[in-house]
Structures are given as structure tokens and as C-alpha cells.
Amino acid sequence: MCELNKYRIMWLIVLFDLPTETKKERKAYTKFRKFLLDDGFNMMQYSVYYRHCASRENAEAHTRRIKGALPEKGFVNVISITDKQFGDIQFFVGRKEKPPPNAPHQLELF
């Protein structure tokens, strides 16, 4: 991968804290979570989802989609970081370090 791509390729991280006390709130939580999965996000932890984006423009498009799917109540934060920064995240399962998720392979036509 070209060194410059590490700064062009983006990752979106969505963190949310949504109320789930009433049936309506649980339904909104489930709907938002399903939206994220349908939009290509993967669960990093409960209420923390991440997604690879090929460019900053692609990340902005997904952020706009998230804004359109926001539930009525609760907190939602969207963090946009470069591939380089995402690669510096350390993942642990218990005391063992886990390798970071791989970016999806893209086809190059030219």
C-alpha cells in the first residue's frame, strides 16, 4: 500500500449510548444498531462500531447517513480517523493482544 494512502483511507468509529428503558427506546436502539450493520459497520464492542472508508469523501457520506438515522434520544459520537491512526490502535482480548481488523481488499482497475 502506498504510504500516502494511510492518510487518505479513513475509518469511522461510532460510539453511542442510547436509552433502553421503554419498548419504544429498545426498538429505536435495535433499529439504529441494525442500520449500522446494514451500512457496513462492524461491532468493536457493545455500542462501539467501526467501518472502513476508501476516502474522506466516503467517510463524510457515511456520516451523513448516520445523521439521517439518529434515534430521537441518546448520545451518538462519530470519530473519523486515518488508516494510519486506526493501525496504531491496540486491541486486547483479556490480557492477550489481538491483531487489528484488516481493511477490505479493493480492486484496482488502472
Side-chain angles (χ1 to χ4, degrees):
M1 177 188 307
C2 173
E3 191 67 27
L4 274 179
N5 284 343
K6 291 182 178 182
Y7 300 96
R8 291 183 181 154
I9 295 172
M10 303 298 292
W11 290 82
L12 284 181
I13 300 175
V14 178
L15 308 99
F16 57 91
D17 187 14
L18 303 177
T20 57
E21 294 179 11
T22 67
K23 185 175 182 178
K24 183 180 177 184
E25 290 171 343
R26 284 190 296 274
K27 188 173 182 177
Y29 171 91
T30 302
K31 183 179 176 184
F32 184 68
R33 184 181 175 279
K34 185 170 176 0
F35 162 79
L36 292 174
L37 293 172
D38 290 344
D39 199 36
F41 284 84
N42 296 298
M43 189 171 82
M44 184 180 282
Q45 295 180 10
Y46 292 119
S47 302
V48 180
Y49 288 74
Y50 69 96
R51 186 191 198 291
H52 176 268
C53 297
S55 65
R56 185 172 301 276
E57 293 77 19
N58 185 243
E60 290 169 356
H62 285 284
T63 301
R64 283 192 300 273
R65 285 187 204 160
I66 292 168
K67 286 180 182 175
L70 287 175
E72 197 172 306
K73 296 179 181 176
F75 296 97
V76 177
N77 299 305
V78 181
I79 300 171
S80 178
I81 62 174
T82 65
D83 191 45
K84 171 75 173 131
Q85 293 168 322
F86 190 81
D88 290 340
I89 295 176
Q90 293 181 313
F91 295 86
F92 295 94
V93 177
R95 293 184 179 193
K96 294 182 180 178
E97 189 164 355
K98 178 183 168 191
N102 293 327
H105 294 284
Q106 295 183 348
L107 294 175
E108 289 188 27
L109 300 176
F110 302 98

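When a residue number appears, it is its place in the shown sequence, counting from 1.
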ask   = Any side-chain heavy atom of Phe16 sitting closer than 4.5 Å to one from Ile66?
value =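 A side-chain contact under 4.5 Å is absent here.
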
query = Mind checking whether Ile9 and His52 have side chains closer than 4.5 Å, heavy atoms only?
reply =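 SC-SC contact between Ile9 and His52 confirmed.
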
inquiry  = With side chain to side chain donor-acceptor pair (under 3.5 Å) as the rule and sequence neighbours excluded, what pairs involving residues 32-43 come up?
reply    =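 Listed once each, the pairs are Arg33-Tyr49, Lys34-Asp38, Asp39-His62, Asp39-Arg65.
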
For [X], check side-chain contact (heavy atoms from CB on, under 4.5 Å) against everything at least two apart and list the hits.
X	result
Ala59	Met10, Leu12, Cys53, Ser80
Leu15	Ile13, Val48, Asn77, Ile79
Phe92	Gln90, Glu97
Thr30	none

ask   = Is there a chain of hydrophobic side chains (I, L, V, M, F, W, Y, each step under 4.5 Å between heavy atoms) that links Tyr46 to Val76?
value =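 Hydrophobic grouping puts Tyr46 with Val76.
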
ask   = Between Val78 and Tyr29, is there a shared hydrophobic cluster once you connect ILVMFWY residues whose side-chain heavy atoms come closer than 4.5 Å?
value =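 Per the 4.5 Å side-chain linkage, Val78 and Tyr29 are co-clustered.
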
inquiry  = Nearest 0.5 Å, please: how far is CG in Asp88 from CG in Asp83?
reply    =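 Interatomic distance, Asp83 CG to Asp88 CG, rounded to 0.5 Å: 10.0 Å.
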
Point-to-point distance, once rounded to the nearest 0.5 Å, from CE of Met43 to CG of Leu37 =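 The CG atom of Leu37 is 8.5 Å from CE of Met43, to the nearest 0.5 Å.
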
ask   = Going by the salt bridge (charged side-chain N to carboxylate O under 4.0 Å, His left out) test, which pairs reach into residues 45-59, not counting sequence neighbours?
value =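 Non-adjacent pairs meeting salt bridge (charged side-chain N to carboxylate O under 4.0 Å, His left out): zero.
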
Name all residues meeting the salt bridge (Lys or Arg N to Asp or Glu O under 4.0 Å) criterion together with [X]; count only those two or more places apart in sequence or in a different chain, and write none if there are none.
X	result
Lys31	none
Asp17	none
Arg26	none
Glu60	none

ask   = Can you list the other members of the hydrophobic cluster that holds Val93, where links are side-chain heavy atoms under 4.5 angstrom apart?
value =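 Its cluster partners, ordered by chain and number, are none at all.
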
task = Using ring pair (Phe, Tyr, Trp, His ring centres under 6.0 Å) as the criterion, list what pairs up with Phe86, not counting sequence neighbours.
result =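 For Phe86 the ring pair (Phe, Tyr, Trp, His ring centres under 6.0 Å) partners, ignoring immediate neighbours, are Trp11, Tyr50.
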
